[in-house]
> 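Provided herewith is a single structure, encoded as structure tokens, for subsequent inquiry.
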Amino acid sequence: MIRKKKKVNLVKEFLEKGRAVSIKDREEALNYLVAFVAMIRPRLSEFESANKKFAETLQYLHQHDSVVNNLRVAIMAQLINSNLVPLLTESGITVSRGAGRELYARLKHKLLPPAQDPNDFLYLLNRIFFRHNDYEWVEKIGQEKWIHLFELIGLHFSENNPVIIKQVIVSLQILSARVAQLGWENEITRNTPAHWQPPNNPFAIQQYLVYQIKEQVVRFNQGQETVQSLAKALNAVLTECFTLVQHIRNETAEKGTSLSQTFILYQIEQKLNRMVLLLDIADADEKLNLARFANLFMTVVRNENRKNSIREFLSQTTNYLAYQIAEHKGKKGSKYITSSPLEYFQMIGSAMWGGLIICFVAIFKNLLGLLQMAPFWHGFVYSINYSLGFVAIEETKSTLATKQPAFTASAVASSLDARKSDDRPNLYNLAVTVSKVSRSQIASFIGNLIVVFPVTYLLVWLYDWATGHPLVQGEKAVHLLQDQHPWQSLSLLYACNTGFFLFLSGIIAGYVQNKINYGRIDKRLTEHPVLRLSLPANRLQKIATYLNEHGGSLAGNIALGFFLGMAGIVGKIFGIPFDIRHITISAANTSIGAYGVGWEHINYRYLANVVAGVLGIGFLNFLVSFSLAFFVAVRSRGIRLKDYPGFLKILWKYFRSHPLDFIRPRKRRSEKETTI
């Protein structure tokens, strides 16, 4: 600690006693900035203290005008004597033509960083913020405090800084050309409404206005009034560009999206944001928007520290695609959330029909197990059986309890959706939504299980009566019970595997539905030259409509069927403990095993443990599936739950005051609960 204080004091002494910094001596100015940042930078393990150190630094600057003046001169020395174009057009902005190329470039530069020009401002920035995690404390300090620092230093750009203004104009022209080029990509033009088509396309108009500003400032050196008039017009067109980008994104909720379209929109938005800031500098009115400047500063520091981060790139460019997939699930998930007593009992009734279908699925699965065939084909016919059962549940609009979490998680996450509101999320509303999901899940569990246990038992009795021998008996029946036992088998671990597969099937359903919408499959089917000649128009239209509405669900159900059917076979082939346990199928197997063992030979305590194991399987099916789906849905919206530590406290408070809301709905809901 003493050594640290001594180091800080030496830095302060250097800053205070150093002679006035010369704007022409860039190296001296750079050393001054390095020393200043060293005074602010917290220790690696003390990022939480960044705000405290920064506050002390601001107080120190208020007391030493000479240091403030030297800082201003040092910063301007770097800006005037450096090449700013790479900073303004590339740092924090994706420049690759595609997501694959950008990923390859980052991987390549991660292994062997590119050489940098000493005249490049980014080279100087990397010397000042040289630690790979400097961006963490820079962001921890926050926008407001950086604005305070820039105000204190007195940063401004005017026509008295022609070198900076000309570089800003060049950068503005480069970004403008790139925006125009991206705006003509097929993924953008085909989704652009008619009133924004040429000659009213804002992506084309903005490039013309930027050229006019460049001509007035650089070539003709026109007065401030002319430039500001053009800047005002350009600002209006850039706003229209933002509106068009958002319109295309809103349309993807119905039309779907692709990684290519998402990547292009992401690039356009990056460049437009940078152009707004550059326009604020280029109009030379000496009024710099320090909020935007502070954001640029933090973005550039983060980008230079994380410019080769593959994780950062994937997180930035795939979030919106994940958002669309989650939204397609979320639309369906809303029907699985009950609010009123009527909806609650309707959910139980729907789940009872789903449980009835699972009874037959479990019976057929055990019958298929009697067939003599290779392990792979056993897994294949099991998968077909499961898939048909899940599709039947979907087509009859009945409910399978474990299919809910992957869909309801998106609906829950929408309570935190920052894309739908600029305000902070309503955490109380989120707690209410969680209570609704909890009771809806309990209702579906109840509906499934009150049918599966007795009806499966009745079906195996009928099978015994019709054929003269039980479906399973002896050691095989005992083995069926043991497979569900919570500690005599790996059933709880296998239940987690099932939870993951439930989550994955939900992702597949959302992805396929998104591709169907984006690819306009229904329209392409109805216009297919062969199908139009082979099928009547009304039948072809019905097929196209069905696929458009149910294609994602079909894909998800078939995928889940194959995941569950092949899991045990994969475990046997590779000799590893890998299998699945699904609550409704486990409940059916418990009934089949109990009948095979016989009530006169069964140990009721052992059977109670098996039933408890089935309930544990259901809990883990739900917990794993919901947690993974909720995490993806929240991340896809760019939200970090750690930013909202008060949520668990609010949820616990709501649970203590309304515990029964998590089990069954109120007869009369309060106004708070109905507020969404």
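Keep in mind the model is a prediction, meaning the values are calculated, not measured.
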> Show me the donor-acceptor pairs, under 3.5 Å and distance only, between side chains in residues 347-369 and residues at least two apart or in other chains.
{"residue": "S350", "atom": "OG", "partner": "K397", "partner atom": "O", "Å": "3.3"}
{"residue": "S350", "atom": "OG", "partner": "T399", "partner atom": "N", "Å": "3.2"}
{"residue": "S350", "atom": "OG", "partner": "T399", "partner atom": "OG1", "Å": "2.6"}
{"residue": "N366", "atom": "ND2", "partner": "A362", "partner atom": "O", "Å": "2.8"}
{"residue": "N366", "atom": "ND2", "partner": "N589", "partner atom": "OD1", "Å": "3.4"}

> Between S489 and Q482, do the side chains contain a donor N or O and an acceptor N or O under 3.5 Å apart?
no

> Applying ring-ring contact (aromatic ring centres under 6.0 Å, His included), name anything that partners F619, two or more places apart in sequence or on another chain.
none

> Decide yes or no for L554 and V391: does some side-chain heavy atom of the first lie under 4.5 Å from some side-chain heavy atom of the second?
yes

> Strictly by salt bridge (charged side-chain N to carboxylate O under 4.0 Å, His left out), give each pair with a member in residues 551-561 just once, sequence neighbours left out.
none

> Apply side chain to side chain contact (heavy atoms under 4.5 Å, CB included) to residues N548 and I521 and explain how you reach the verdict.
CA-CA 7 Å; N548 192 56; I521 300 300; 6.0 Å; no

> With sequence neighbours left out, what residues match F390 under ring-ring contact (aromatic ring centres under 6.0 Å, His included)?
none

> What pairs meet the ring pair (Phe, Tyr, Trp, His ring centres under 6.0 Å) rule with one or both residues in residues 540-576, with sequence neighbours excluded?
F380-F562, F501-F563, Y546-H550

> With sequence neighbours excluded, tell me which residues meet side chain to side chain contact (heavy atoms under 4.5 Å, CB included) with P577.
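P577: side chain to side chain contact (heavy atoms under 4.5 Å, CB included) contacts with L490, Y494.
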
> Check K542, E549, Q541 against T545 for a side-chain hydrogen bond (donor to acceptor under 3.5 Å, both in side chains) and give me the one that passes.
Q541

> Side chains of N557 and Y386: donor-acceptor distance under 3.5 Å anywhere?
no

> How about Y606 and Q488: does a side-chain donor come under 3.5 Å of a side-chain acceptor?
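Y606 vs Q488: donor-acceptor pair found between side chains.
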
> Check whether any side-chain heavy atom of W487 sits under 4.5 Å from a side-chain heavy atom of N609, and report yes or no.
yes

> Just jot down the ring-ring contact (aromatic ring centres under 6.0 Å, His included) partners of H378, sequence neighbours excluded, or say none.
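Only Y382 meet the ring-ring contact (aromatic ring centres under 6.0 Å, His included) criterion with H378.
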
> Strictly by salt bridge (charged side-chain N to carboxylate O under 4.0 Å, His left out), give each pair with a member in residues 477-499 just once, sequence neighbours left out.
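As it turns out, the salt bridge (charged side-chain N to carboxylate O under 4.0 Å, His left out) pairs with a partner in residues 477-499, which skip direct neighbours, are D483-R581.
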
> Strictly by modelled atom types, are H582 and T584 linked by a side-chain donor-acceptor pair under 3.5 Å?
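Result is yes, a qualifying pair exists.
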
> Could you tell me which residues satisfy side chain to side chain contact (heavy atoms under 4.5 Å, CB included) with L533, sequence neighbours excluded, listed by chain and number?
none

> Taking side chain to side chain contact (heavy atoms under 4.5 Å, CB included) as the test, write out the residues that go with P536, two or more places apart.
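P536: side chain to side chain contact (heavy atoms under 4.5 Å, CB included) contacts with N538, R539.
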
> Who pairs with H469 by side chain to side chain contact (heavy atoms under 4.5 Å, CB included), at least two apart in sequence or on another chain?
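Result, side chain to side chain contact (heavy atoms under 4.5 Å, CB included) vs H469: Y463, T467.
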
> Quick one: list whatever passes ring-ring contact (aromatic ring centres under 6.0 Å, His included) with Y595, sequence neighbours left out.
Y457

